[in-house]
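Each chain gets a letter, A, B and so on, in the order its sequence line appears, and its residues count up from 1.
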Amino acid sequence: MSIGKKKKLTVFEAVIPIRALLYRFSVFLMMAFALFIIVVNRVSPESIEKFRTKTTDFVAPVFSVLTSPVQTFNNVKDGISHMFNIYGENKVLRQENERLIKMKTAAIELEAENRRLRELLNLIPEQGSTFLTARVVGSTGGPYSSSAIINFGGDIGIKKGQVVRNKEGLVGRVAEVGKGSARISLITDFSSRVPVMTENSGERAVLAGDNGSYPELTHLPSDTNVRVGERVITSGDGQYFPAGIVVGVVRSVSKDRTDIKTAVDFGRLGYVGIIEYNLEPEITPEAGVSPQ
Amino acid sequence: MITDFPTRVRRFYICAFPAFITLLLVLVVAINLQFSGLANFFPLFAFMAVFYWGIYQPELVPIWFVFLLGLFQDFLYQAVPGISSFLLILFWWIVISQRRFLMKESFFAQWLIFAVSIGLISLVNWLIYSIYFSHAMPPVFAFLQFSISVFFYPLIHKIFYSIYKSFPKMI
């Protein structure tokens, strides 16, 4: 082999400098790629959403198995606690039962009266709603988001935008749906906005999540009549949430800020109901105002 | 050194163990344990893992793993995808470039350095979120997460230390 004659490189040898260069710049390349994903998510969130739902579908069965002992433990704990308080609870329940019997009689009378009045007014009844029960298996979120994962998804008919509640009150709405899991965006999430009204004063407002336990009531009039301790329920405005679901109670009223304490303890979410709400929302998060 | 196939497989599993533990920690935090009020303030376990293994055994936390870990965390916690990857790689790069200095330091000095660096990372995270949403995010939750992460670091350090010490015996 003469001096100066170039040695023919193999493919492997030719690739080595590129690999070394890539390794050297891998930090910047990876950071640039991460920034690219952030930008793509900002411009077109739906293109990233499927990866997120795949992740949720992957972890939900694991969570479901791991949370079962927690659920059992909580049930046993509650059972033991009930056992110790059984005498006192029984006394309270008897009193409550008597009160409920009276209320039931009044409710039957009111229902009959309502029916007669509806017939007189020829009122078209609102479409009913049905619901599915699911278990919260994951409490996901962070300093800038509040969400939860449930153990059912699109395979049993859960759809994006459905309303989620539990026995205490409004939980949130379905934000993403996978095959066997779904993610709920809680009403405490930064992006959450719920049309509400106060039960006694009848003031309408928008409940804005702030990631804490005390979301703010916004768009209240300056001369508001809202009082501390007053119950806040969904108003049904925009037809996005059914009217009348308990959201919380007014915690503080001041010139700068009026907030509520949510009825639901988001740290202890167990089972939730996914409401199939049959009315078409006037405003959808994706499309803005829907054509009607 | 030529080793037989079962030894290599065993070594692979042992080397993957810290990554597995890290993934498990990230997952465990998201399980609905029904402890009131703790859901949003999980400790930053991924950063703790990158900090510890970045100093003592950087080959166990390769950059691609750090990137995927961040992405997985973002998908799982409904964060903006890419942000954790970006911050974790930035953090990894700082740790790797300073590992010779960090290795010589005592545990308390490392803890302090972790606290300072995770504070800066939380600040950058807050800035990115504020820019992303065009709205200044309340810093209180980020501060709580930073505090809980600093508080938990010694425990995680201890767990990783025991794994690290058991490596020669395992291999």
Side-chain angles (χ1 to χ4, degrees), chain A residues 23 26-42 45 48 51-56 58-59 62-63 66-67 70-71 73-74 135-149 175-176 183 185-186 188-191 210-213 265-270, chain B residues 24 26-42 44 62-64 66-68 70-90 92-93 96-97 122 125-126 128-133 135 137-146:
Chain A
Y23 183 77
S26 57
V27 173
F28 301 104
L29 281 173
M30 290 282 195
M31 281 168 79
F33 189 49
L35 285 174
F36 172 73
I37 294 171
I38 296 170
V39 173
V40 168
N41 186 64
R42 180 80 173 134
I48 301 285
F51 295 105
R52 204 196 287 275
T53 51
K54 291 266 181 231
T55 310
T56 316
F58 172 70
V59 297
V62 182
F63 283 176
L66 293 174
T67 49
V70 178
Q71 192 70 45
F73 173 77
N74 282 335
R135 189 156 60 91
V136 174
V137 291
S139 284
T140 53
Y144 308 114
S145 67
S146 296
S147 65
I149 297 171
E176 286 164 7
R183 190 187 292 273
S185 183
L186 307 179
T188 50
D189 188 86
F190 272 115
S191 60
D210 62 356
N211 228 32
S213 303
D265 180 355
F266 290 101
R268 297 178 69 88
L269 280 177
Chain B
L24 201 70
V26 168
L27 266 175
V28 162
V29 168
I31 293 171
N32 183 25
L33 294 173
Q34 301 190 15
F35 290 150
S36 192
L38 284 180
N40 286 356
F41 312 118
F42 58 88
L44 296 161
I63 192 165
W64 60 266
V66 175
F67 179 84
L68 290 177
L71 214 53
F72 176 69
Q73 189 168 294
D74 286 339
F75 285 150
L76 187 63
Y77 296 130
Q78 215 200 357
V80 174
I83 286 188
S84 292
S85 294
F86 179 83
L87 294 173
L88 272 170
I89 291 170
L90 180 70
W92 177 88
W93 180 53
I96 297 283
S97 57
S122 299
N125 192 23
W126 175 80
I128 295 174
Y129 267 94
S130 299
I131 293 166
Y132 186 88
F133 288 108
H135 166 76
M137 305 303 266
V140 64
F141 303 116
F143 180 75
L144 282 170
Q145 192 176 45
F146 156 76

I'd like to verify something: which residue of P139(B), S85(B), P81(B), S84(B) has the highest number of heavy-atom pairs under 4.5 Å with chain A? P81(B)
Measure distances from D189(A) to the heavy atoms of chain B and classify the residue's part below 4.5 Å as side chain, backbone, both or neither. side chain
Looking at every heavy atom in both A30(B) and T140(A), which two are closest together, and how far apart are they? CB-CG2, 3.8 Å
Under 4.5 Å to a heavy atom of chain B? For R183(A) that would be side chain
Could you walk me through whether Y144(A) and I83(B) satisfy the side chain to side chain contact (heavy atoms under 4.5 Å, CB included) test, starting with their C-alpha distance in whole Å, then the side-chain angles of each, then the deciding distance to 0.1 Å, before giving a yes or no? CA-CA 12 Å; Y144(A) 308 114; I83(B) 286 188; over 6 Å; no
Is there a donor-acceptor pair closer than 3.5 Å between any side-chain N or O of S145(A) and the backbone N or O of Y77(B)? yes
Heavy-atom contact with chain B under 4.5 Å, split by part of T55(A): side chain
Top contributor to chain B contacts, counting heavy-atom pairs under 4.5 Å, from K54(A), R52(A), M30(A): R52(A)
By a 4.5 Å heavy-atom criterion (distance strictly below it), what part of V27(A) contacts chain B: side chain, backbone, both, or neither? both
Does any part of the side chain of V59(A), heavy atoms only, come nearer than 4.5 Å to the side chain of F75(B), both counted from C-beta? no
If you count heavy-atom pairs within less than 4.5 Å of chain A, which of I63(B), I128(B), L90(B) leads? I63(B)
For A79(B), is it the side chain, the backbone, both, or neither that has a heavy atom closer than 4.5 Å to a heavy atom of chain A? backbone
Is L87(B) in contact with chain A via its backbone, its side chain, both, or neither, using a 4.5 Å heavy-atom distance? neither
Please classify the contact of W126(B) with chain A as side chain, backbone, both or neither, using a heavy-atom distance under 4.5 Å. both
Once ring pair (Phe, Tyr, Trp, His ring centres under 6.0 Å) is applied, do any residues pair with F86(B), and if so which ones, sequence neighbours excluded? none
Please look at F143(B) and chain A and tell me whether the side chain, the backbone, both or neither of the residue comes under 4.5 angstrom of a heavy atom of that chain. neither
Taking A34(A), S26(A), A32(A) one by one, which has the highest count of heavy-atom pairs under 4.5 Å against chain B? A34(A)
Within the 4.5 Å heavy-atom criterion, are I89(B) and F33(A) side-chain neighbours or not? no
Atom CZ of residue position F58(A) - does it have more than 12 heavy atoms of other residues, nucleotides or ligands inside 6.0 Å? no
Proximal component of F190(A), with respect to chain B [non-hydrogen, under 4.5 Å]: side chain
Any donor-acceptor pair under 3.5 Å from R42(A) side chain to F133(B) backbone: no
Would F51(A) and L71(B) count as a side chain to side chain contact (heavy atoms under 4.5 Å, CB included) here? Give the steps. CA-CA 10 Å; F51(A) 295 105; L71(B) 214 53; over 6 Å; no
